[in-house]
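For reference, the structure discussed in these notes is given below.
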Amino acid sequence: MSYPSLTTRTAVVTGAASGMGAATARLLAEGGARVALLARRTDRLDALAAELTAAGGQALAVTADITDQSSVDAAVKAVHDAYGLVDLVVNNAGVMLPNPLTEGRLDEWTRMIDTNLTGALRVIRAFTPDLAAAAADGRTADLVNVSSIASHVLFPDYAVYGATKAALTQLSAALRTELGPRDVRVSTIEPGLTDTELGGHIDNAELRGQLDGMFTAIPALTAEDIADLIAYTVSRRRHVNLRQSIVLPTRQA
């Protein structure tokens, strides 16, 4: 599906080095948007930016760690220097590290909270003035937060991950009350089983096996499926806010 309304947009996509972030960046660039690619893996970002540019798109690779405020500040400056103000932010960066709560994995808890919640907040804080300015100028302005069905569907041993995603979904709802009256749309995307690198960080063999079993039993969504939903969401007329989208594989209950 093509989205011609993207031709006027300037976007930031976090977690753009792989998976849903990379797929979203590709689709936005194909639609004509200027896209700033934010992630930690410089080699991946450079390769994606080169790919998009070679295909006729506009892409800027910006190495950034959203758990580090100084890194976010530097990224914002790089984006502004290259593209000026942005009117579309896709808060996609995230990490999933399940383990039984009784294991007390403070390292995993801290990493998930710092990335999935505090990191998302850093990005929101950095670019909300841009979005508000774009909306005040009569342009479409979008903040898209990528959450998960784990925000409201309970999975054993995923308690902290689910809590971070529930917080992100709740944050999005609250932000709609603050930013909606200023004509800034806030949308939440909650994917179910999706084939990305997210599960690759799991160090619990039993839980990794369970996840692999789900992929065997259920034809999963692809990163491109999620990217298509995001592009559709931000391409609606500016007075229409698709506030919360839950997207599952057909066979996932």
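In this chain, residues are counted from 1 in sequence order.
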Point to revise | Of all pairs that satisfy salt bridge (Lys or Arg N to Asp or Glu O under 4.0 Å), the ones with a partner from residues 206-218, not counting sequence neighbours | key: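 Listed by first then second residue: Arg208-Asp212.
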Practice item. Can you run down the salt bridge (Lys or Arg N to Asp or Glu O under 4.0 Å) pairs that involve residues 114-138, sequence neighbours left out, and say none if there aren't any? Key: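 Matches after skipping sequence neighbours: Asp137-Arg139.
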Practice item. Give the other cluster members for Val86, using side-chain heavy-atom distances under 4.5 Å between Ile, Leu, Val, Met, Phe, Trp and Tyr residues; answer none if it is isolated. Key: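 Its cluster partners, ordered by chain and number, are Val12, Leu38, Leu60, Val62, Ile66, Val72, Val76, Val79, Tyr83, Val89, Leu117, Leu121, Val123, Ile124, Phe127, Leu131, Leu143, Leu168, Leu171, Leu175, Leu179, Val184, Val186.
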Review point. Hey, what else clusters with Leu85 if you join Ile, Leu, Val, Met, Phe, Trp, Tyr whenever side-chain heavy atoms sit under 4.5 Å?
Key: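 Under the 4.5 Å side-chain rule, Leu85 groups with nothing.
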Side-chain atoms of residues 242-253: list all donor-acceptor pairs with protein atoms under 3.5 Å, sequence neighbours left out, distances to 0.1 Å.
{"from": "Gln244", "atom 1": "NE2", "to": "Glu190", "atom 2": "OE1", "distance (Å)": "3.4"}
{"from": "Gln244", "atom 1": "NE2", "to": "Glu190", "atom 2": "OE2", "distance (Å)": "3.1"}
{"from": "Gln252", "atom 1": "OE1", "to": "Leu193", "atom 2": "N", "distance (Å)": "2.9"}

Point to revise | side-chain hydrogen bond (donor to acceptor under 3.5 Å, both in side chains) contacts touching residues 155-168 (sequence neighbours left out) | key: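 Qualifying pairs, neighbours excluded: Asn116-Thr164.
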Point to revise | Pairs where residues 49-58 contributes a residue and the test side-chain hydrogen bond (donor to acceptor under 3.5 Å, both in side chains) is met, not counting sequence neighbours | key: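 Pairs touching residues 49-58 that pass the test: Arg26-Glu51.
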Check your understanding: With sequence neighbours excluded, what pairs up with Leu154 under the side-chain contact (heavy atoms from CB on, under 4.5 Å) test?
Key ->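 With sequence neighbours excluded, Leu154 shows a side-chain contact (heavy atoms from CB on, under 4.5 Å) to no residue whatsoever.
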**Study point:** Shortest non-hydrogen contact between Arg44 and Ser18, atoms and distance
**Key:**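 Minimum heavy-atom contact is NH1-CB, 3.4 Å.
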Check your understanding: Which heavy-atom pair separates Pro191 from Ser147 by the least distance, and what is that distance?
Key ->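 Residues Pro191 and Ser147, closest heavy atoms: CD-O, 3.3 Å.
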**Study point:** Partners meeting side chain to side chain donor-acceptor pair (under 3.5 Å) with Thr118 (sequence neighbours left out)
**Key:**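 With sequence neighbours excluded, Thr118 shows a side chain to side chain donor-acceptor pair (under 3.5 Å) to no residue whatsoever.
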Exercise for review: Rounded to the nearest 0.5 Å, what's the gap from CD1 on Ile189 to CG on Asn91? Could you check?
Suggested key: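 Atom-to-atom, Ile189:CD1 and Asn91:CG are 12.0 Å apart.
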**Study point:** Gap separating the CG atom of Asn145 from the CD atom of Gln170, nearest 0.5 angstrom
**Key:**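 The distance works out to 12.5 Å.
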Please list, chain by chain and in numerical order, all residues satisfying salt bridge (Lys or Arg N to Asp or Glu O under 4.0 Å) with [X], sequence neighbours excluded.
| X | result |
| --- | --- |
| Asp46 | none |
| Arg41 | Glu197 |
| Glu108 | Arg105 |

Exercise for review: Decide yes or no for Leu45 and Arg40: does some side-chain heavy atom of the first lie under 4.5 Å from some side-chain heavy atom of the second?
Suggested key: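 A side-chain contact is absent here, since even the closest heavy-atom pair is not under 4.5 Å.
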Check your understanding: Can any side-chain N or O of Arg236 pair as donor or acceptor with the backbone N or O of Tyr232 at less than 3.5 Å?
Key ->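 At least one qualifying donor-acceptor pair exists.
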